[in-house]
Structure formats: structure tokens, C-alpha cells
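Lettering of chains follows the sequences in order, A, B, ..., and the numbering in each one begins at 1. Quick caveat, the model's predicted, so the values are computed rather than measured. Worth knowing before you read on, the calculation uses all heavy atoms, side chains too, and leaves out hydrogens, waters and symmetry mates.
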Protein chains: 2
Amino acid sequence: MAKSKPSKTASAEEKIKEAARHVFTKKGYAATRTRDIAEEAGINLALLNYYFRSKEKLFGIVMEERMAQFFGLITPIVNDVNSTLDRKIELIVSYYVDMLLQNPDLPLFIMSELRHDSDLFRKFQVQNLIINSHLILQLKEKQPSIHPLHFVVSILGLTIFPFIAKPIIQSTDALNSQMFAAMMEERKKLVPKWAKAMIKVK
Amino acid sequence: MAKSKPSKTASAEEKIKEAARHVFTKKGYAATRTRDIAEEAGINLALLNYYFRSKEKLFGIVMEERMAQFFGLITPIVNDVNSTLDRKIELIVSYYVDMLLQNPDLPLFIMSELRHDSDLFRKFQVQNLIINSHLILQLKEKQPSIHPLHFVVSILGLTIFPFIAKPIIQSTDALNSQMFAAMMEERKKLVPKWAKAMIKVK
DNA sequence: AAATAAATTAATCATTTGATTAATTTATTT
DNA sequence: AAATAAATTAATCAAATGATTAATTTATTT
């Protein structure tokens, strides 16, 4: 027993992509060896280049997927003109907690790689996507004296930061994996409550 | 013009260490080439091994410094039995914002490297250091129905996360470097206010 | 000033690593 | 079934990279 992800029936190409998703996301581009991916995929190293030409190209594919996964979640919520501010906050927190419990390495991966590869978000226009959102309008209306970006960053921070700090939080036996997950579940209700209180403040 | 950090008068050993601090912190261990460090330090590559034996040893030195810098800030504050809860929160936020404005790469560096090198925090006992703190007692007293770790993670998240998400936040012209710094200054007052409101909630 | 130690350099090594090639096997088409 | 294309493999390459060595220069001690 060793492999887990790449199913026996999947094509070699898909096995490589699946292994690449896993290894790149966990270790980052620089620390990843193409041989790691090949081994985890259970295929010959040459097949990686046969199907994807280069490590960089394969990484690009994985990175695009991960960006879409990470930012695709928030886009429809913040731009829904029919939902209330409170509802938007609830959805953001709940969706992210669920997704991050399944993909705990995602935030650190995205942030780390983006810092070195600053072309990638120009493509995704993440910032504009949020700045021009309906959520921003609602925040501005409810609390005109504070820059709405403060609240967006805060809500995302309250939701995502625990997953980034997970290695520290779990560095003792005091908090095992299930307890961490339980706390994140609690935050689905806590963070929206807190956010609403924050917006009222002052 | 190229070099900036390593002064002309500093010893070769110190120039290497200074360059290593910079390069490791910015690019991480895996993406750093010893030649990058040597070049930035303006010394011959062999001197790096002459003084520090190996890339790994040099990294260990830098990492210990950075850990001390990052966690040393919070330790005295959270364990001060004479300060109020509110005062502790104000100090944590204010100190971290100041330090992170000077060292914006620090959080991402620490978190990224810790994930791969899980032995390092066992040494620092970061988690225990916080769990057994006076701050935890004060939080437990003021809000017994919520695990105090929720608040610690939240306060740190509100303070540190903006620096982790900085590459995203600044991905457009909408927010330049000075504006980002200004927002972080604002958060010195905002985050404590918010934290107090959060602790009261429910 | 001579002798010794420390610092510095250029050249080189051994491994690692991304990638390619040529041959072989498997699948698909005619 | 024969011919052709696609997939797979083992072997190998070239460049990058961490590290060492032997020689040279600079500083320190005697």
C-alpha cells in the first residue's frame, strides 16, 4: 500500500495531473520534483513530459485549477444582487470552511506561489472582481466611515487564517485533527456573528 | 547599483547572514540558491560553506532568528499578569502591524517553512506558550461559553492575514503600497475595537 | 621581518533534476 | 492480419546546484 489518489482505471495523463495537484499544492513549485509526481502517479517520468511538455506547463495547469477553486467560490456570492449583506457573509464563511476542510493546503499554496509568480492574478483579476462587487456596495452603505475593503479582508482573515496557521495551532496534542475541524465548524456561526458586530462598531 | 543590505564594512560572515535572511525569507528554502545568497552578499560562494558549512545550517540559523522575531513579540504581552485584556489586544495588534510593515514577508515565510519542517515549533513550543498564557485566562473569564483559542486565532488573523494576502490586495493599481500601509495603520485602532465587540457578542 | 593562521578565490566534483531519445509495447485503423 | 499510430519504458543528456579542494592573498602572532 502506498498510492491513494490516482485510481487504477484513470488514464496516465489524468493520474499525472492528479498527482501533480497533490504534490504541487502540498510542497509548492520549487520544492516539487517531477520524479515525486511520477512516482506518486505510478508512471514513468518520461510520460510527464510526453503529456505536459514541462514541469512549468503542468504547474500552470494545476495553478489555474487551484486559483479557480479558491476564488471561484467567492465570486458568485459577492456579486449576487439579490442576497442581503448578512446572507453573503454567512455563505462566504460556510463555503470556505467546507472547502478548506477538504483542501487545507490551498490558501498557503495560493499565497506562496502568487508572491513569486505575480502574473497569475493579473489574469484572474481577483482584486477588481471584489472591489466592484455588490458586497462592497452593501458594506459601504451600512458603514460609510470605514473602507469596505477592511471588512472583506477581515471576514476572509477570520475564515482563512486558521487554516494557514494550522501547523502552529496543531503543534501540540492539545488540539488534534478532529478538534480543529470541530472548531472550524463552530466558526461557521461565530464569524458571521462577529462580522455583523464589527460592522456596527463605532 | 544592485546591493543594498550588506554594508561595505560588515564582515563577510555577517554579509552572508544578512543576505541569507533576505533571500530565504523572500523566496523560501527550496527556491533559494546558495549562489543567490553569495551574489547578494557580494562574496565568493565558497565562503558560505566556509562559515556555515551548508545551506541547511545557514537556513537553520535564519529560521531560528525569524521564529524568535515572530513569536517573541507576542510572548511577553500575552503573559503579562498586570495588563488588562483590552490592553493586551491593543499591544498585540500595534506591535505586529509595526513589525510586519517592516517585515511583510515574515508570516508567509514562517507558515510555509513550518509546514514542511514540523520539528521547528516543537522546539519553540509556540502553542503551549499561548495556551497557558494569562491572556487565555482573561478571555475565558470574560466569555466562558466560547473556546478562548477562537479569539486568539481571530485577533491574529485580523492582524496578520492582510500581510499574507498582500499580493492579492495589491494586485491592482487600486491600492498602492502607501495606501496599504495606511490601511494597516488604521487597523491598529480598528482591530482592537472589533475584538472587544466580538468578545461581547452572544 | 619571519612564521603562522585566517580569509578569500578560482576551479572542480558529485548529485540532483528537468528533459530528451531511441527502442519497445500496446492500441487503433485500414 | 498488416500497417499505422499512440503509449510506455529504460537509458541518457545537459544544466543546475550544493559542496569541496588546492592555491593565493591578507591578517595576526611571534
Between A:T25 and A:R66, do the side chains contain an N or O donor and an N or O acceptor separated by less than 3.5 Å? yes
For atom [atom1] of [X] and atom [atom2] of [N], their distance in whole Å:
{"X": "B:K15", "N": "C:dT8", "atom1": "NZ", "atom2": "C1'", "value": "11 Å"}
{"X": "B:R35", "N": "C:dT16", "atom1": "CZ", "atom2": "C1'", "value": "13 Å"}
{"X": "B:L48", "N": "C:dA7", "atom1": "CG", "atom2": "P", "value": "15 Å"}
{"X": "A:E39", "N": "D:dT8", "atom1": "CD", "atom2": "P", "value": "18 Å"}
{"X": "B:R33", "N": "C:dT16", "atom1": "CZ", "atom2": "C1'", "value": "11 Å"}
{"X": "A:Y50", "N": "C:dG18", "atom1": "OH", "atom2": "C1'", "value": "19 Å"}
{"X": "A:N49", "N": "D:dT8", "atom1": "CG", "atom2": "P", "value": "14 Å"}
{"X": "A:Y51", "N": "D:dA6", "atom1": "OH", "atom2": "P", "value": "11 Å"}

What about the rings of B:F52 and B:F59, do their centers lie closer together than 6.0 Å? no
Hunt down the Watson-Crick or G-U wobble partner of [N], both distances under 3.5 Å, from any strand shown, or write none.
{"N": "C:dC13", "value": "D:dG18"}
{"N": "C:dT30", "value": "D:dA1"}
{"N": "C:dT25", "value": "D:dA6"}

Does B:K55 qualify as a cation-pi partner of B:F24, given the criterion of NZ or CZ under 6.0 Å from the six-membered ring centre and within 45 degrees of its axis? no
Sugar-phosphate only, base, or nothing, as touched by B:F52 at under 4.0 Å among non-hydrogen atoms: nothing
Below 4.5 Å, heavy atoms only, C-beta onward: do B:I61 and B:K17 meet side chain to side chain? yes
In a check of side-chain hydrogen bond (donor to acceptor under 3.5 Å, both in side chains) between B:S83 and each of B:K88, B:Q138, B:H134, B:E90, which one passes? B:K88
Select one nucleotide: of C:dT9, D:dT17, C:dG18, the one nearest the side-chain heavy atoms of A:K55. C:dG18
Candidate nucleotides C:dT17, D:dT17, C:dT9, ranked by approach to the side chain of B:N44 - the nearest: C:dT9
Specify the residue among A:A12 and B:L45 whose closest nucleotide of DNA chain D lies further upstream toward the 5′ end. A:A12
Using only side-chain N and O atoms of A:T34, determine if any of them is under 4.0 Å from OP1 or OP2 of C:dG18. yes
